There are 2 protein chains.
Amino acid sequence: MKRKSPDADALGGHLCFAVYSTGLAFNRVYKPILDRLGLTYPQYLAMVILRGEDGQTVGELGDQLFLDSSTLTPLIKRLEAAGLVTRRRDSEDERVVRVTLTDKGRAVAEEAKCVPGEVLAATGRTPEQLGVLERAIVQLRDTLRANAA
Amino acid sequence: MKRKSPDADALGGHLCFAVYSTGLAFNRVYKPILDRLGLTYPQYLAMVILRGEDGQTVGELGDQLFLDSSTLTPLIKRLEAAGLVTRRRDSEDERVVRVTLTDKGRAVAEEAKCVPGEVLAATGRTPEQLGVLERAIVQLRDTLRANAA
DNA sequence: CGAATATATATCGCGTGCGATTTTATCGCA
DNA sequence: TGCGATAAAATCGCACGCGATATATATTCG
C-alpha cells in the first residue's frame with residue numbers, strides 16, 4: 001500500500017500538531033520503561049512530585065500537573081489500590097485529602113530516578129539542548145494558559 | 001489554601017512534562033473554538049487531512065496522525081455518525097476503507113480554515129517564531145520515534 | 001491450486017482528560 | 001449565631017490512545 005510520508009502537507013506548519021505528536025512519541029518511549037515500574041506516565045509524574053514533597057493535597061498535585069480532581073482522584077485511587085500511596089482527610093480541613101507515599105511507594109519512587117536517564121538517551125540530545133527547547137515550550141505553554149478562555 | 005507555583009521543583013527540567021503540559025494547554029485553547037464546529041481536536045486533524053486530499057484510507061490517515069486503527073476507527077465512525085464523512089470499502093482491495101467528506105463535511109472543513117488564526121492569536125507569537133519552535137520539536141519527535149522500542 | 005503468511009481494519013479493556021454536577025466542609029459577614 | 005457564598009474532592013459521561021486480539025482479504029510460494 002502506497003502511504004503518504006507523515007506530515008506530507010496539511011499538518012505541516014501546525015505547531016500544535018507538532019506538540020501533540022511529540023507527546024505521543026514521548027509516551028511511546030516512556031511506556032516500556034514505566035511498565036517495569038507498573039506506572040502510567042501521569043502516575044509517574046504524581047510519584048515524582050510526591051517524592052519531592054510527601055503528603056501533598058489533591059489540589060496541590062493538580063496545580064503542578066495542570067490536572068483537575070476529576071482526573072486525579074481516580075488516578076490516585078489506582079495508586080492507592082496498588083499500595084503505593086495512602087489517602088487521608090486533613091484533620092485541620094476535612095475538605096482536603098492528603099496523599100502520602102507508603103514504604104512501597106517510596107521504593108518505587110526511588111527506582112523511578114533512573115527513568116530520565118533512559119529517556120534522555122532516546123532523545124539523542126544533550127541536556128543543554130533539551131533545556132533550551134524546554135524553556136521555549138514552557139513559555140509558550142504559560143502564554144497559552146494566560147490566553148485561554 | 002497555600003499552593004505551590006506550577007513546576008515548583010520536581011518537574012522542572014523535564015522536557016517531556018513541558019511537552020505534555022503544553023499539549024493540555026493547546027487543547028484548552030482549541031476546545032471552545034472546535035466546540036463551535038462540533039469537533040474534537042483529533043477529529044479536527046482528520047478533517048484537515050481530508051480537506052487536503054479526500055478519499056484517503058484509514059491507514060493513510062493513521063500514518064499522518066501517528067494513530068492506529070484502534071483509535072481511528074471509532075473516531076471516524078463518530079464523524080460518520082455526525083454526517084461529516086462516509087466510509088466505504090475499496091473495490092480494488094476489500095481490506096481497505098476509504099474515508100470521504102460529505103457535502104456537510106466539506107463545509108465544516110472549510111469553516112475550520114479560520115481555526116489556526118484564532119489559535120495563533122492565543123500563542124502571542126509570530127508565525128516565524130512558531131515555525132522555529134515547530135521545526136525543533138518535529139526533529140525531536142522524529143528522533144524519539146526512531147529510538148522507540 | 002492451496003496452504004501459509006502478510007496486510008488492513010475492527011473490537012475490547014483500561015487509563016487518562018475534562019466539562020458538568022454533586023457532596024461536604026469552611027468562611028464571611030450581617 | 002446562622003446563612004449564603006466559596007472551596008475541595010468526588011462522581012459521571014464521553015472521547016481519546018493503545019496493547020492485545022480477532023476477522024477478513026490479499027499475496028506468496030510450493
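In what follows, every chain begins at residue 1, and chains take the letters A, B, ... in the order their sequences are listed. Every heavy atom of this structure was used, including side-chain atoms; hydrogens, water molecules and symmetry mates were not. Given the structure is predicted, the values throughout are model-derived calculations rather than measurements.
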Test salt bridge (Lys or Arg N to Asp or Glu O under 4.0 Å) applied to B/E80 and B/K77, step by step: CA-CA 5 Å; B/E80 186 182 40; B/K77 283 188 174 181; over 6 Å; no
Electrostatic pair A/R89:A/E94 at N-O distance under 4.0 angstrom: no
Closest-nucleotide 5' rank along DNA chain C - winner of A/T71 and A/S91: A/T71
DNA chain C: 5'-proximal contact among B/T73 and A/Q43 (nearest heavy atom): B/T73
CD on A/E111 to CZ on A/R51, rounded to 0.5 Å: 11.5 Å
Listed nucleotide nearest any side-chain atom of [X], set [options]:
X: B/L67; options: C/dT7, C/dT11, D/dG17; answer: D/dG17
X: A/P42; options: C/dG19, D/dA10, C/dT16; answer: C/dT16
X: B/V58; options: D/dA9, C/dA10, C/dT26; answer: C/dA10
X: A/K31; options: D/dG19, C/dT16, D/dT11; answer: D/dG19
X: B/E94; options: D/dA26, D/dA8, D/dG19; answer: D/dA26

If I take atom [atom1] in residue [X] and atom [atom2] in nucleotide [N], what distance separates them, rounded to the nearest angstrom?
X: A/Y41; N: C/dT16; atom1: OH; atom2: C1'; value: 13 Å
X: A/R89; N: C/dT23; atom1: CZ; atom2: P; value: 14 Å
X: B/F66; N: D/dG19; atom1: CZ; atom2: C1'; value: 19 Å
X: B/Y44; N: D/dC16; atom1: OH; atom2: P; value: 15 Å
X: B/N27; N: D/dC14; atom1: CG; atom2: P; value: 19 Å
X: B/D93; N: D/dA26; atom1: CG; atom2: P; value: 5 Å
X: B/R78; N: C/dT11; atom1: CZ; atom2: P; value: 12 Å
X: A/L65; N: C/dT16; atom1: CG; atom2: P; value: 11 Å

DNA chain D: 5'-proximal contact among A/K77 and A/Y20 (nearest heavy atom): A/K77
Ring geometry between B/F17 and A/F66 (parallel below 30°, tilted from 30 to 60°, perpendicular above 60°): parallel
Touch class at under 4.0 angstrom, heavy-atom based, for B/L72 against every strand present: nothing
Sugar-phosphate only, base, or nothing, as touched by A/L24 at under 4.0 Å among non-hydrogen atoms: sugar-phosphate
Please determine whether a side-chain nitrogen or oxygen atom of [X] lies at a distance below 4.0 Å from atom OP1 or OP2 of [N].
X: A/T57; N: D/dA9; answer: yes
X: B/T40; N: D/dC16; answer: yes
X: B/R28; N: C/dG17; answer: no

Neighbour count >12 (heavy atoms, 6.0 Å) for atom CG, A/D35: yes
Other residues, nucleotides, ligands: >12 heavy atoms within 6.0 Å of B/R88 CZ: no
Under-3.5 Å donor-acceptor pair between B/R95 side chain and C/dT7 base: yes
Any N/O donor-acceptor pair, A/S69 side-chain to D/dA10 base, under 3.5 Å: yes
